Amino acid sequence: MSLYRNTVWLLKGLQEYTKGGYEAAARSFSEADLEVNVSGRSFIITGANSGIGRAAACEIAKRGGTVHLVCRNEDRAKEARKDVVEQSKNENVHVHLVDMSNPRKVWEFASGFSQNHNLHVLINNAGCMVNQRELTEDDLEKNFATNTLGTYILTTALIPTLKKSENPRVITVSSGGMLVQKLNVEDLQFEKGSFDGTMAYAQNKRQQVIMTEQWAAQHKEVHFSSMHPGWADTPAVRSSMPDFYAKMKNKLRTEAQGADTVVWLAISDTASRQPSGLFFQDRKAVSTHLPLASSRTSPAEDQKLMSELEELAVKFKS
């Protein structure tokens, strides 16, 4: 089944996830959707010092938004802020240093932020793909700690703050790679069998889609969505997937093309009129499963994921 999934996914990707796929989809985009002034609205973007996060920050800042860049590396964060301010002519760009793989630090950041700022839109963009099984100082597998638990804690902790705002939204940057994975709630930290970083990442991205669906059902006041940016030429792709990059580099999307649907989901009225909890690709809601791929899970398994994340998250809350 996994060979079938991988083959169907690759063919789909070559047609839809490339620069050519973006250009074909963009013919039906409405330019007016992004002709929006978002001054007075506050946005958090994690993983904002490069790639899709930084590109999204630029577009939102250009439209007047107050942008909070959540980054791990201070020098790169300052450089990203300088770049966003120069491009947007908007000084309301702020840097927060947080390691998303450290659950205590994520809780601390969310708590401090909530006391000092309002928030309209959270963009969960930070991610990592570590190709060897590596543990954090908390004995958490690093991909899971960053992509899944970090996203879970930050979102859960900020939902009360989001609910105080008008038209609040949460966008999680997932990946089409999740289509090759069925949720495996029995081995969230990849302790069994041989470790494959690409598949671990895809499993995390499947978890993010299920988290989004679950949050949408629980919190009707907030608009939740997940999305696939397509295959974009970003520093993360170059460093984590060098073979893929070497083969595909002439077909990859630009960072701005990868960020387009993130920005659309974050600021457009059209996006907020879509049902909450959906998965988007190129401004359209798409299926979260490949045809005949047997990747669906039961409601009980989806709920078990949320319960296990909650149980883990609470351990790190001070």
Side-chain angles (χ1 to χ4, degrees), residues 44 46-47 70 98-115 119 121-128 133 135-165 168-175 178 181-192 200-226 276-279 288 295-318:
I44 285 179
T46 66
V70 171
V98 187
D99 180 351
M100 291 297 295
S101 74
N102 184 324
R104 283 187 189 84
K105 297 291 186 202
V106 178
W107 276 119
E108 280 170 24
F109 164 70
S111 171
F113 186 92
S114 299
Q115 286 165 28
L119 180 64
V121 181
L122 168 62
I123 299 173
N124 290 311
N125 168 71
C128 76
R133 189 171 187 277
L135 297 181
T136 69
E137 62 189 42
D138 298 301
D139 284 335
L140 299 167
E141 191 279 319
K142 191 152 193 183
N143 293 294
F144 169 79
T146 307
N147 302 329
T148 302
L149 187 61
T151 299
Y152 178 86
I153 291 173
L154 185 62
T155 305
T156 304
L158 290 172
I159 282 172
T161 306
L162 283 159
K163 285 182 176 177
K164 294 174 190 166
S165 299
R169 310 181 193 192
V170 175
I171 298 103
T172 299
V173 179
S174 178
S175 167
M178 67 93 191
Q181 286 284 306
K182 178 180 180 178
L183 173 68
N184 179 7
V185 82
E186 302 306 323
D187 187 23
L188 291 177
Q189 299 197 56
F190 315 108
E191 292 163 282
K192 301 168 188 168
Y201 178 82
Q203 176 68 209
N204 296 158
K205 294 294 160 180
R206 168 63 73 189
Q207 291 159 2
Q208 289 180 340
V209 167
I210 291 169
M211 281 153 46
T212 297
E213 293 167 349
Q214 294 290 312
W215 285 324
Q218 289 166 18
H219 305 284
K220 304 292 188 189
E221 310 94 312
V222 180
H223 189 278
F224 292 89
S225 48
S226 57
S276 185
L278 300 181
F279 176 69
T288 54
S295 54
R296 294 174 196 277
T297 39
S298 67
E301 287 170 292
D302 295 351
Q303 190 51 57
K304 186 177 179 191
L305 169 69
M306 301 304 275
S307 303
E308 299 232 343
L309 290 174
E310 182 61 23
E311 199 175 301
L312 250 184
V314 167
K315 285 182 186 168
F316 297 101
K317 190 177 184 181
S318 52

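The shown structure was predicted, so the numbers you read here are calculated from the model rather than taken from an experiment.
- Heavy-atom neighbours of K105 NZ from other residues, nucleotides or ligands within 6.0 Å: at or below the threshold of 12.
- Considering N125, L158, V121 as possible partners of I44, the one that fulfils the side chain to side chain contact (heavy atoms under 4.5 Å, CB included) test is L158.
- The pair R104-D138 meets the salt-bridge criterion, with a side-chain N (NZ, NE, NH1 or NH2) lying under 4.0 Å from an Asp/Glu carboxylate O.
- Looking only at distances, no side-chain donor or acceptor of E221 sits under 3.5 Å from a matching main-chain atom of K163.
- Looking at heavy atoms from C-beta onward, I159 lies in side-chain contact with W215 at the 4.5 angstrom threshold.
- The backbone N or O of T46 sits nowhere less than 3.5 Å from a side-chain atom of N124 that would complete a donor-acceptor pair.
- Of the possible polar contacts, none joining the K164 side chain to the L119 backbone as a donor-acceptor pair under 3.5 Å is found.
- Of the options L278, T155, T172, a side chain to side chain contact (heavy atoms under 4.5 Å, CB included) to F224 is made by T155 and by none of the others.
- With contacts defined as side-chain heavy-atom distances shorter than 4.5 Å, the pair S226/Q208 does not qualify.
- Remark: the backbone N or O of E186 is paired with a side-chain donor or acceptor of K192 at under 3.5 angstrom.
- Counting heavy atoms from C-beta outward, F144 and Q203 have side chains that stay 4.5 Å or more apart.
- Remark: the backbone N or O of T288 is paired with a side-chain donor or acceptor of R206 at under 3.5 angstrom.
- Side-chain atoms of E301 never come within 3.5 Å of backbone atoms of V185 as a donor-acceptor pair (strictly under, hydrogens ignored).
- Judged purely by atom type and a 3.5 angstrom limit, S174 uses its side chain to pair as donor or acceptor with the backbone of K205.
- Counting heavy atoms from C-beta on, the side chains of T212 and F279 never come closer than 4.5 Å.
- Side-chain contact between L140 and L312: present, with at least one pair of heavy atoms (C-beta onward) separated by less than 4.5 Å.
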